[in-house]
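To start, the structure under review is shown below, and the notes come after it.
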Amino acid sequence: MNGLLSVWPQAWTRQQRSSATIALAVVVLVAFLWLLAIPLALVPEPIGPAAQEFVEGARVTVQLTLVSGLIGVVLGVLAALAKLAPFPPLRWVAGLYIWVIRGTPLLVQVLFVFLALPMLIPGVQLSDFNSAAAALAVNVGAYNAEALRAGILAVPKGQTEAARSLGLSPAQTFLHIVFPQSFKIALPPLVNNLVALLKDSSLAYVIGVVELSNIGNRVQAATFQPVPVFMATACIYLFLTTVLTQISGAIEQRLDVEQRS
């Protein structure tokens with residue numbers, strides 16, 4: 001589904017439509033987070049009186065997703081490179097990281113970072129937000145690593161050999177030839193991981209992060225009206241994921257992931 005991409009004039013180039021879609025979606029997201037309290041305040045109890053709380057929770061959810069998502073991409077690149085490294089111990093460390101993180105529940109990882117990590121490393125005491133961001137970043141980084149590794153392996157070796165024959169160093173070959181192509185190939189799964197991360201951020205409520213799910217749980221506990229509260233919470237999540245999907249879809253179109261003309 002093209003979504004916002006289909007509303008622009010067909011005479012525009014793909015890059016123009018993609019750029020306009022990204023700009024519009026970002027504006028819509030900012031306006032939504034800024035003005036959400038106005039329509040929520042008009043909703044009957046228990047939503048109306050807690051409108052500002054829902055807004056603050058949605059903002060924290062977006063912040064948590066962006067912070068952990070960016071860190072997760074960096075971790076994914078590093079882990080992917082380590083798993084493809086010629087040095088065996090480096091490959092083993094990267095493989096162990098990916099195996100452990102992908103094989104254990106995210107909830108356990110969040111609790112581990114918040115409760116167990118300070119005991120294992122004395123002096124390290126992260127806030128609830130930073131603990132959740134760290135756990136989410138480490139988790140999504142493992143999934144990003146596999147997507148990026150597959151993208152790197154999908155780049156034909158002939159291009160690497162041609163770059164080396166032209167005098168490019170290994171680092172230059174990777175940065176200018178291999179990585180741009182592998183990132184395009186890996187972009188769809190990376191986008192899926194980011195959208196999933198937005199929903200997975202709801203697990204941060206278990207360590208006290210005042211995000212959207214935490215607010216919904218607090219309001220329903222105080223009012224004993226779970227149906228309207230969780231319907232409102234679900235609608236906010238749905239809107240956020242929809243906007244994020246539109247942005248990511250436009251980025252895919254702009255980068256011409258499928259090599260369309």
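As the structure is a computational prediction, the values presented were derived from the model and not from experiment.
The line from CZ of Arg164 to CD of Gln172 is 10.0 Å long, rounded to the nearest 0.5 Å. In this structure, OG in Ser182 is found 12.5 Å from CZ in Arg149, a value given to the nearest 0.5 Å. For the atom pair CG of Leu244 and CG of Leu66, the computed distance is 8.0 Å after rounding to the nearest 0.5 Å. Remark: Leu78 CG to Leu90 CG distance equals 10.0 Å, nearest 0.5 Å. Once rounded to the nearest 0.5 Å, the distance linking CG of Asn192 with CG of Asn144 reads 10.5 Å.
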Checking Arg59 against Glu56 for the salt bridge (charged side-chain N to carboxylate O under 4.0 Å, His left out) test, could you report, in this order, the C-alpha distance in whole Å, the side-chain angles of both residues, the deciding distance, and whether it holds? CA-CA 5 Å; Arg59 291 174 181 173; Glu56 293 299 327; 3.3 Å; yes

Derivation of the side chain to side chain contact (heavy atoms under 4.5 Å, CB included) call for Ile236 and Phe32: CA-CA 10 Å; Ile236 295 174; Phe32 177 78; 4.2 Å; yes

Give the intermediate values and the outcome of side chain to side chain contact (heavy atoms under 4.5 Å, CB included) for residues Ile251 and Ile22. CA-CA 7 Å; Ile251 293 175; Ile22 294 171; 3.7 Å; yes

Val77 and Leu148: side chain to side chain contact (heavy atoms under 4.5 Å, CB included), yes or no, with the steps? CA-CA 7 Å; Val77 172; Leu148 288 165; 3.6 Å; yes

Evaluate the criterion side-chain hydrogen bond (donor to acceptor under 3.5 Å, both in side chains) for residue pair Gln109 and Thr104; output intermediate values, then yes/no. CA-CA 7 Å; Gln109 296 166 19; Thr104 55; 2.8 Å; yes

Does the side chain to side chain contact (heavy atoms under 4.5 Å, CB included) test come out yes or no for Val229 and Phe54, once each step is laid out? CA-CA 10 Å; Val229 170; Phe54 278 103; 4.2 Å; yes

Would Tyr237 and Ser202 count as a side-chain hydrogen bond (donor to acceptor under 3.5 Å, both in side chains) here? Give the steps. CA-CA 10 Å; Tyr237 270 115; Ser202 61; 4.6 Å; no

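You'll find the side chain of Pro46 reaches within 4.5 Å of the side chain of Pro228, heavy atoms only. In this structure, Leu126 and Val113 have side chains that are in contact, with non-hydrogen atoms separated by less than 4.5 Å. In this structure the side chain of Val210 reaches within 4.5 angstrom of the side chain of Arg218, judged on heavy atoms. Counting only heavy atoms from C-beta outward, the side chains of Val138 and Tyr97 approach each other to under 4.5 Å. Using a 4.5 Å heavy-atom threshold, the side chains of Thr13 and Gln16 count as touching. Contact of the Ser213 side chain with the Glu211 side chain is registered, since non-hydrogen atoms from C-beta on lie closer than 4.5 Å. Looking only at side-chain heavy atoms (C-beta outward), Leu194 and Val140 stay at 4.5 Å or farther from each other. Side chains of Trp99 and Leu96 form a contact here, defined as non-hydrogen atoms less than 4.5 Å apart.
Relative orientation of the Phe179 and Phe174 rings is tilted, given thresholds of 30° and 60° on the angle between their planes.
When all heavy atoms are compared, the tightest approach of Ala147 to Ala186 is O-CB, 3.4 Å. In this structure, Ser68 and Ala133 approach most closely via the heavy-atom pair CB-O, 3.5 Å. In terms of heavy atoms, Leu238 sits closest to Thr242 at O-OG1, 2.7 Å. Residues Ala37 and Ala51 share a closest heavy-atom pair of O-CB, 3.8 Å. Nearest heavy-atom pair, Ser201 versus Thr61, reported as atom, atom and distance to 0.1 Å: OG-CG2, 3.5 Å. Taking both residues in full, the closest heavy atoms of Trp12 and Arg17 are given as O-NH1, 2.6 Å, listed atom of the first, atom of the second, then distance.
Sparse packing is recorded around CD of Glu45, with 12 or fewer heavy atoms of other residues, nucleotides or ligands lying under 6.0 Å away. With a 6.0 Å radius and a threshold of 12 heavy atoms from other residues, nucleotides or ligands, Tyr205 has its OH atom at or below the threshold.
Without hydrogens or angle criteria, Gln181 side chain to Val178 main chain gives no donor-acceptor distance under 3.5 Å. At distances below 3.5 Å, at least one donor-acceptor pair connects side-chain atoms of Asn214 with backbone N or O atoms of Val209. With Glu53 contributing its side chain and Ala50 its backbone, the two residues share no donor-acceptor pair below 3.5 Å. Remark: the backbone N or O of Val155 is not paired with any side-chain donor or acceptor of Gln159 at under 3.5 angstrom. No donor-acceptor pair closer than 3.5 Å links the side chain of Asn139 to the backbone N or O of Leu106.
Of the candidates Asn217, Ile215, Ile47, Leu212, Leu212 is the only one forming a side-chain contact (heavy atoms from CB on, under 4.5 Å) with Thr233. Exactly one of Ile247, Leu240, Thr245, Thr241 qualifies for a side-chain contact (heavy atoms from CB on, under 4.5 Å) with Val243. That residue is Ile247.
Cluster membership check: Val30 shares its hydrophobic cluster with Phe239, using side-chain heavy-atom separations under 4.5 Å among Ile, Leu, Val, Met, Phe, Trp and Tyr. Linking Ile, Leu, Val, Met, Phe, Trp and Tyr whenever their side-chain heavy atoms come within less than 4.5 Å leaves Ile207 and Val67 in two separate clusters. Cluster membership check: Ile101 does not share its hydrophobic cluster with Val93, using side-chain heavy-atom separations under 4.5 Å among Ile, Leu, Val, Met, Phe, Trp and Tyr. Leu198 and Leu75 fall into different hydrophobic clusters, where Ile, Leu, Val, Met, Phe, Trp and Tyr are joined by side-chain heavy atoms under 4.5 Å apart, directly or via other members. Cluster annotation: Leu70 is not connected to Val73 through the hydrophobic network of ILVMFWY side chains, with a link wherever side-chain heavy atoms come within less than 4.5 Å.
Residue pairs meeting the salt bridge (charged side-chain N to carboxylate O under 4.0 Å, His left out) criterion with at least one member in residues 65-93, sequence neighbours excluded: Lys83-Glu146.
No side-chain donor from either of Ser131 and Asp128 sits under 3.5 Å from a side-chain acceptor of the other.
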